[in-house]
Amino acid sequence: MSNLANIRIVLVNTTHPGNIGGVARAMKNMGLERLYLVAPKDFPADRAVWRAANALDVLDNAVVVDSLDDALSGCGFVVGTSARERRIPWPLLNPRECGVRSYQEAAQHHVALVFGREDRGLTNEELHKCTCHVHIPANPEYSSLNLAAAVQVICYEVRMASLLDEQGNLPSFDDWDVPPATFDDLELYFEHLEQALVDIGFHDRDNPRQTMTRLRRLYGRIRLDEMELSILRGVLTGIQNAAYRLKKFEQQRKRP
Ligand code: SAH
């Protein structure tokens with residue numbers, strides 16, 4: 001199967017159906033087909049159909065889901081788009097690097113390119129679920145592109161990477177012995193990690209500071225594989241069991 005078929009475009013809470021149609025067209029022009037819509041405000045809609053022109057098949061096959069987690073299920077590489085700098089910097093790609101990297105990753109697993117709301121973009125929480133971010137280096141005085149235009153730029157770079165590959169000019173992707181952990185497994189891991197940190201008294205859910213965000217960024221930089229993740233889950237369980245035994249021991253000691 002072609003790498004392009006493994007790349008999905010995810011639109012979060014899109015307001016204007018015309019933009020959804022415009023995105024479908026931008027995708028098909030560049031050879032991409034898998035469109036995921038997270039809780040769109042108004043879809044299906046005639047305006048989406050008009051703007052999609054001959055990309056109606058992409059629109060018809062769009063997968064509508066309730067949450068971003070559902071849209072990212074099964075993905076081994078997730079890129080979030082951002083029109084501006086964020087407070088906590090994240091591993092950042094430029095559009096060219098994003099095209100090459102997404103195309104290469106798609107040889108092995110599903111890849112998601114995530115785009116935000118027309119008015120507010122993606123929330124920090126959504127961006128922190130992504131392995132990397134990509135920013136289109138537009139005019140700093142007006143850096144926010146129309147949604148469909150932003151999708152067009154990123155999809156164009158993916159297409160350029162696929163053409164380089166056809167010509168045998170794309171450097172080969174370093175094979176790893178174990179597949180990377182998927183988005184779903186990573187989310188379960190972060191839940192487990194947070195609970196373990198609470199259990200040992202390191203982390204307070206009511207006063208979280210940026211602990212989990214920074215840990216997410218750390219693990220994103222490392223890029224855990226499935227085996228490493230399962231070892232880490234085992235370590236967490238061991239730590240939780242030790243904390244539980246200690247707590248029980250202390251309770252028994254306090255009893256008269
Ligand atoms: N006002 C919003 C911009 C939303 S534009 C904000 O400040 O975040 C809608 C979407 O288009 C963004 O969420 C992003 O997915 C994409 N987009 C627009 N301009 C972009 C840029 N310069 N780089 C990357 N993505 C961009």
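In what follows, every heavy atom counts, from backbone to side chain, and hydrogens, waters and symmetry copies are set aside. Starting from 1, each residue takes its place in the sequence as its number. When a ligand or atom number is given, it counts from 1 through the structure's own listing order.
Within the 4.0 Å heavy-atom criterion, the part of Arg120 lying near ligand 1 is the backbone and not the side chain. When heavy-atom distances to ligand 1 are checked against a 4.0 Å cut-off, Asn146 has no atom that comes that close, whether in backbone or side chain. The backbone of Ser82, and not its side chain, has at least one atom closer than 4.0 Å to an atom of ligand 1 (non-hydrogen atoms only; backbone = N, CA, C, O).
Looking at atom 17 (N) of ligand 1, its nearest protein heavy atom turns out to be Ala150 CB, 3.5 Å. Atom 8 (O) of ligand 1 has Arg84 NE, 3.2 Å as its closest protein atom, hydrogens excluded (heavy atom only). Protein heavy atom at the shortest distance from atom 9 (C) of ligand 1 is Arg117 O, 3.4 Å. If you check which protein heavy atom lies closest to atom 23 (N) of ligand 1, you get Ile136 N, 2.8 Å.
Geometrically, ligand 1 and Leu145 share a nitrogen or oxygen pair separated by less than 3.5 Å. At least one N/O-N/O distance between Asp119 and ligand 1 falls below 3.5 Å. Considering both main-chain and side-chain atoms, Val134 never comes within under 3.5 Å of ligand 1 through any nitrogen or oxygen pair. At a 3.5 angstrom cut-off on N or O pairs, Ser143 counts as close to ligand 1.
A donor-acceptor contact under 3.5 angstrom links the side chains of His192 and Gln240, judged on distance only. Of the N and O atoms on the side chains of Ser73 and Asp184, at least one donor lies less than 3.5 Å from an acceptor on the other residue. Checking His128 against Arg217 by side-chain atom types alone, no donor-acceptor pair falls below 3.5 Å.
Here is the list of ligand 1 atoms found below 4.0 Å of a heavy atom in Phe115: 15 (O).
Heavy-atom minimum distance, Gly116 versus Thr81: N-OG1, 4.2 Å.
Note: Tyr189 and Tyr219 meet the aromatic proximity criterion, with ring centroids under 6.0 Å apart.
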For this session: Show the numbers, then the answer: is there a salt bridge (Lys or Arg N to Asp or Glu O under 4.0 Å) between Glu250 and Lys254?
Result: CA-CA 6 Å; Glu250 282 174 355; Lys254 276 191 210 137; 5.6 Å; no

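Between the choices Asn19, Thr81, Val151, the shortest heavy-atom distance to atom 15 (O) of ligand 1 belongs to Thr81. Around atom 12 (C) of ligand 1, the closest heavy atom drawn from Ser144, Gly116, Gly80 belongs to Gly116.
Using a 4.5 Å cut-off on side-chain heavy atoms (C-beta onward), Gln195 and Asp199 make contact.
Arg216 forms a cation-pi arrangement with Phe190, by the criterion of a distance under 6.0 Å to the ring centre and an angle within 45° of the ring axis.
Here the options are Leu11, Leu68, Val38, the test is side-chain contact (heavy atoms from CB on, under 4.5 Å), and the partner is Val114; only Leu68 passes.
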